[in-house]
Amino acid sequence: MDLHELTALEQHRLLQRGEVSPVELAGHYLERAERLDPEIAAFATLTPERALERAEFVAAHVPKVAPLWGMPLADKDLHPRAGVATAFGSRAFEGFVPDASDDLVQAVDAAGAVSLGKTATPEFGLPSYTEALVGRPTRNPWDPTLGAGGSSGGAAAAVASGMLPFAPGSDGGGSIRIPAAVCGLVGIKPSRGRVPSGSGLGGLAGLGVAGAIGRTVADAALLLDGMIAPTGYPAAHPFAVRAPGDDGPYLGEAIRGEGRFQVGVLTETPWDEGYEITIAPEARSALDRAIEVLDAGRHGVEQVPSAPEPGYPAAFRTIWQAGAATIPVDDELLGRLEPLTQWLLERGRALPARQLAEALSWLSEFERRTIARFASYDAVISPALALTPPAVGWYDGDDGERNFAQQVQVTPYTSFVNVAGLPAITVPIEYTPAGVPMGVQLIGRPGGEATLFALAAQLERRLRRPPRHPPVW
């Protein structure tokens with residue numbers, strides 16, 4: 001059996017037993033990436049020489065106790081790595097080579113991982129699809145006419161096509177869960193403050209956190225554990241505020257998959273008052289199948305009572321625009337930005353301070369209401385996406401307002417989880433008649449990652465799905 005046929009956890013065990021070396025494993029994935037990526041465009045940059053040198057260094061100098069020892073992955077192109085071209089998905093930063101690595105890159109290095117390069121992302125990670133004009137559109141390995149989601153679309157496409165065993169990503173409004181769901185993977189967005197190197201506490205409204213994408217629940221847990229505590233437990237948190245509960249490790253929960261839980265079913269969204277949201281039959285079918293499995297597992301399942309939030313669309317739009325206002329691009333470089341980014345940036349820089357402050361205050365109260373609303377459930381299940389994955393080129397490339405509306409209509413279940421700071425995980429459930437994966441999202445209590453991994457593992461196990469790979473595999 002080829003190495004990429006194994007789960008990331010199985011590959012990790014081979015490394016630990018010395019049955020395969022970090023150099024062999026990195027070489028295997030580099031060969032696949034160089035052969036397959038011309039069709040998928042999952043990578044913004046491949047760095048074969050650096051990767052093999054790093055693998056040799058890990059084998060010779062990094063203790064095997066490092067949680068990700070010898071495991072290949074790649075950095076999302078939003079995360080600078082010293083000496084490697086980092087464009088942030090933007091033509092405005094073409095050719096930029098940073099002289100320092102960011103915290104997340106340093107964390108995976110400290111955990112003993114081997115980076116093969118940079119995975120593709122949309123411009124500054126703002127859209128929920130990965131079709132940046134600085135490169136080629138990232139395509140869905142299950143159907144190359146479809147997009148791979150975003151903003152961690154390159155990471156998800158690389159994992160789904162067997163070019164990486166797993167991959168780190170970041171999620172400010174669904175950017176891990178959306179591409180994971182589109183590509184038939186498990187994507188974990190942890191609680192705000194859980195991952196020290198990507199805690200969300202340094203960003204506007206605390207939206208963006210770092211998380212993991214894998215082919216199995218255990219693979220995602222293995223990577224997340226390494227990201228949380230790259231040099232061992234207890235994790236070293238740089239902020240006084242952090243997620244409640246234990247920092248893990250979560251791998252045991254993902255392997256055991258034990259417990260019975262009270263699960264709420266969520267079908268409405270906080271966008272309902274501002275946009276026309278429709279749940280596609282394929283999305284509803286995946287949700288219904290997951291509910292059947294939970295019922296069979298003797299979990300308590302009930303509908304979450306309705307609670308309209310008419311103020312959410314305006315408040316979230318304000319924060320999304322304000323976040324774009326901080327993009328470090330001015331003067332002649334503004335013309336290098338894509339139309340959606342220009343629209344967001346211009347709106348953001350024109351926002352009155354009072355409007356921003358009011359939106360932040362409103363979203364803080366929304367967080368309190370959401371946590372209280374979900375308090376009686378161990379987890380809440382929803383569709384991962386409202387619609388099936390759109391085709392490449394489906395999103396409006398010129399009209400920012402229409403583009404934003406399209407993104408909301410495809411992905412209305414993800415952003416509010418970031419606003420509330422809650423953990424969430426996507427799990428693939430079934431395939432459409434055309435062979436495209438569809439999944440569900442499980443949302444946890446604050447600090448409830450352990451429950452999510454246990455529940456996701458039960459879903460994964462009880463679905464009894466035979467191994468299935470995309471055509472490009």
Side-chain angles (χ1 to χ4, degrees), residues 1-2 4-7 32-33 35-42 120 128-131 136-150 152-167 174 176-187 213-217 219-220 278-293 382-395 406 409-411 413 425-441 456 459-473:
M1 181 179 287
D2 287 334
H4 65 277
E5 301 278 356
L6 304 173
T7 68
R32 284 187 62 80
R35 178 164 48 88
L36 300 179
D37 198 52
E39 179 182 356
I40 302 298
S128 59
Y129 58 98
T130 304
E131 300 175 25
R136 296 173 295 131
T138 301
R139 297 182 180 272
N140 191 326
W142 294 94
D143 180 350
T145 67
L146 306 180
S152 303
V159 175
S161 56
M163 291 188 275
L164 290 174
F166 51 28
I176 285 171
R177 292 158 290 152
I178 294 163
V182 166
C183 294
L185 303 170
V186 176
I213 296 171
R215 283 196 281 130
T216 70
V217 175
D219 287 355
T278 301
I279 303 176
E282 297 88 345
R284 183 75 227 195
S285 175
L287 179 63
D288 290 343
R289 176 69 180 123
I291 292 170
E292 287 176 9
V293 173
S382 77
L385 308 174
L387 304 180
T388 56
V392 170
W394 181 80
Y395 290 97
Q406 289 175 308
Q409 289 168 330
V410 176
T411 65
Y413 292 99
I425 190 168
T426 53
V427 184
I429 300 298
E430 60 185 20
Y431 297 86
T432 69
V436 177
M438 297 296 293
V440 297
Q441 173 180 238
L459 272 175
E460 182 179 70
R461 185 167 62 231
R462 289 172 178 160
L463 283 165
R464 294 187 177 90
R465 292 187 294 119
R468 185 169 175 175
H469 302 299
V472 73
W473 189 265

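As a basis for the values below, the full set of heavy atoms in this structure was taken, side chains included, without hydrogen atoms, waters or symmetry mates. All values reported here derive from a predicted model rather than from experimental measurement.
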Where do [X] and [Y] come nearest, in terms of heavy atoms and distance?
X	Y	value
Thr216	Glu460	CA-OE2, 3.3 Å
Ala120	Thr138	CB-OG1, 3.5 Å
Ala386	Ala283	O-CB, 3.7 Å
Gln406	Tyr395	OE1-CA, 3.4 Å
Val440	Ala290	CG1-CB, 3.9 Å
Ala155	Ala167	CB-CB, 3.8 Å

Treating [X] as the side-chain partner and [Y] as the backbone partner, does any N or O pair qualify as donor plus acceptor under 3.5 Å?
X	Y	answer
Arg215	Leu6	yes
Glu131	Gly393	yes
Thr145	Ala391	no
Asn140	Val182	yes
Arg32	Trp473	yes
Gln441	Arg177	no

Output all residues satisfying side chain to side chain donor-acceptor pair (under 3.5 Å) with Thr411, sequence neighbours left out; order by chain, then residue number. none
Mind checking what makes side chain to side chain donor-acceptor pair (under 3.5 Å) contact with Trp394, not counting sequence neighbours?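 In terms of side chain to side chain donor-acceptor pair (under 3.5 Å), with neighbours along the sequence ignored, Trp394 is linked to no residue.
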Tell me every residue that passes side chain to side chain contact (heavy atoms under 4.5 Å, CB included) with Ser285, counting only those two or more places apart in sequence or in another chain.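 Counting only residues at least two positions away or on another chain, Ser285 forms a side chain to side chain contact (heavy atoms under 4.5 Å, CB included) with Glu430.
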Could you tell me whether the side chain of Ser128 reaches within less than 4.5 Å of the side chain of Val410, counting heavy atoms only? no
Got Met163 and Val472 here, is their nearest side-chain heavy-atom distance under 4.5 Å? no
Please report the interatomic distance OG1(Thr426) to OH(Tyr413), rounded to the nearest 0.5 Å.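 Answer for the OG1-OH pair, Thr426 versus Tyr413, is 15.0 Å.
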Looking at CD of Glu282 and OG1 of Thr432, how far apart are the two atoms once the value is rounded to the nearest 0.5 Å? 6.5 Å
